[in-house]
Amino acid sequence: MEAYELTGAQAREKLRRKEISSRELTKAILNRLKSVEPQIEAYLTISEDLAMKQAEEADIRLTSGMDITPLTGIPIAIKDIICTRDILTTCASQILKDFLPPYDATVIERLRHAGAVFIGKTNMDEFAMGSSTENSAFKITRNPWDKERIPGGSSGGSAAAIAADAAIVALGSDTGGSIRAPASYCSVVGLKPTYGRVSRYGLIAYGSSLDQIGPITKDVMDCALLMNTIAGYDPRDSTSVNSPVPDYSCACGRDVKGLRIGVPGEYFLEGIDPEVENLIRAAIAQMESLGAIPVELSLPHTEYAIPCYYICAMAEASSNLARYDGAHYGDRARGTDNIIDMYSRTRAGGFGTEVKRRIMLGTYVLSAGYYDAYYLKALKVRSLIKRDFEKAWEKVDLIATPVAPTPAFRIGEKTTDPITMYLSDIYTISLNLAGMCGISIPCGFTSAGLPVGLQLIADIFKEDTLLTAAYAYEQSTEHHKRKPPL
Ligand code: GLN
C-alpha cells in the first residue's frame with residue numbers, strides 16, 4: 001500500500017509508531033498530485049511550502065510525543081470557501097481571485113492547533129452555487145471514476161481529491177447537498193453536521209440559515225475523527241450551539257440492532273434511476289441483516305423542497321453577496337469615474353452567470369410586492385418540511401434515502417438548463433431546510449461502474465447515531481475499498 005492511499009486513522013497509527021514521518025506522508029501526497037492533478041484538477045491552490053513547514057512542525061510534536069492529536073501530521077484539503085490567512089481564498093470567483101483573508105476560519109484555527117497539514121484549497125462551484133463544480137470561474141474538476149463526468153458540487157474538488165488519494169482527509173461545506181452529493185458521485189464519505197454544530201465563522205456565506213462545514217473522507221472513522229476536531233461552540237458564530245460534543249469515534253463500532261430506519265416513499269417516486277433505487281434498497285436490506293428495522297414512512301412536503309430551498313437560498317445569497325462591491329473586498333473595476341458605475345462594473349465583471357441569476361432572483365423574491373408571495377410563503381413551507389422530520393423522529397431513529405436520483409452526469413449535460421440542475425438536489429436539500437444532519441456513504445456501483453451513495457439522515461445533534469449506522473454498514477461491505485482507475 002502506498003502512503004497516499006492511507007486513511008486518516010491508518011496514517012495516524014503509522015505516524016504514532018514512527019513507521020512514517022509527516023514529511024514523508026506529505027511528500028507522498030504532493031507527488032501523487034503531480035500524476036493525478038493533470039487528470040482531475042481538484043485543486044485551485046496547492047500550498048506546498050506551507051504543507052512542508054507544517055509537516056516539519058508536526059514531526060517535532062510526534063518525535064517529542066507531546067501534544068499529539070489524531071490529526072497531527074495528517075494532510076488535509078480545504079474547500080476554497082473557508083478562510084485561510086496564509087492561502088488565497090477565492091470561492092472559485094473572479095471577484096475574489098486575489099483575496100488573502102486577514103484571519104482564519106474557526107475550523108482552520110482548530111486544525112492548526114491539532115497539527116494538520118494544509119495541502120491546498122479545492123475547486124468548487126462559484127460561491128458554492130451549483131451541483132457539479134462546473135460553475136467554478138477557474139477550472140472544471142473531473143470525476144476520478146469517469147473523467148467525462150462531473151464530480152458533483154459544490155464541494156467537487158474536495159470529493160475528487162479524496163477519491164483520487166490526492167489528500168488524506170478534506171473539508172467541504174453543505175448548504176443544500178454540497179458535501180453529500182459529491183461524496184456520493186465520487187464514492188467517498190461526506191457528513192453534513194447539524195446546523196449549529198460546527199462554527200461558520202470564516203466560512204464565506206452563501207445561505208446563512210443553511211450553510212454548514214463538514215468532513216469529506218475515505219471512510220466513516222475518518223469522518224468521526226475530523227468531526228472531533230471541528231465540532232463545538234464558538235462565541236464568534238452566534239448560531240453555533242453551546243452543547244457538549246461527544247467523542248464521535250466512540251460511535252463507530254456500536255451495535256445497530258433495533259435501530260429503526262425510516263424509508264420515505266416520497267424519495268422513491270418517478271425520476272430515480274432504477275439502478276440507483278436497487279442499490280439503495282439493497283443497502284437498506286443489508287442494514288436490516290445487521291439488525292436494523294426498516295419502517296415505511298411519509299415525508300409529505302418533500303415535493304415542495306426544491307422551490308422552497310431555491311427561494312430561501314437565493315434570498316439569502318442576494319443579501320450576502322451585496323458586500324462584494326469593489327470597495328470592501330476583492331476585485332474592483334478600473335477606469336470608472338463615479339461610484340455607481342464602479343459598483344455595477346465590478347459586479348458585472350466579477351460574478352459568473354449562475355451567481356448573477358441567483359442575486360437577481362433572490363432580490364426579486366425579497367422585493368416589495370413579492371416578499372409575501374414568495375419569500376414568506378417559502379418560510380412557511382420550510383416549517384412544514386421541518387415538521388415532517390420532527391414527526392418522523394417519533395417513529396424512527398434514522399431515515400435512509402438516495403443522495404441523488406442518478407449517478408454522476410456528463411460534463412456539460414445540464415449547464416444550459418438550470419432547472420434540471422436544481423432538480424438533482426431533490427434528496428439532499430430538505431434536511432438543510434430542517435437543520436438536521438446527514439451522511440453519504442458508498443453503497444455500490446452501477447453497471448457502468450459509476451458510484452452511488454446512500455444517505456442517512458438523523459435528528460439534530462444525532463451525528464453519533466448517523467456514524468454508528470454508517471460505520472456498521474460500511475464495515476459489512478467492500479464498496480469503500482474500491483479505487484478509481486487513475
Ligand atoms: N446545489 C445546491 C445549490 O446550488 C446546493 C449547493 C450547496 O450545498 N452549497 O444551492
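Everything quoted here is computed from the prediction, not taken from an experiment. When a ligand or atom number is given, it counts from 1 through the structure's own listing order.
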Quiz item: Under the criterion side-chain contact (heavy atoms from CB on, under 4.5 Å), which of Leu466, Ile441, Val198, Asp174 is the partner of Leu191?
Solution: Leu466
Practice problem: Sequence neighbours left out, what passes side chain to side chain contact (heavy atoms under 4.5 Å, CB included) with Leu384? Give chain and number order. | Solution: His301, Arg387
Quiz item: Can a donor-acceptor pair be found between the side chains of Ser131 and Lys414 at a distance below 3.5 Å?
Solution: no
Quiz prompt | Within residues 312-323 or reaching into it, pairs that qualify as side chain to side chain donor-acceptor pair (under 3.5 Å) - sequence neighbours excluded | solution = Ser208-Asn320, Ser209-Glu316, Asn320-Arg323
Practice problem: Would you list the pairs meeting ring pair (Phe, Tyr, Trp, His ring centres under 6.0 Å) in which at least one residue belongs to residues 167-194, sequence neighbours left out? | Solution: none
Quiz prompt | First-shell residues of ligand 1 [heavy atom, distance under 4.0 Å] | solution = Ala128, Met129, Gly130, Ser131, Ser154, Asp174, Thr175, Gly176, Gly177, Ser178, Tyr206, Tyr309, Tyr310, Arg358, Asp425
Quiz item: Do the ring planes of Tyr422 and Tyr310 sit parallel (below 30°), tilted (30 to 60°) or perpendicular (above 60°)?
Solution: parallel
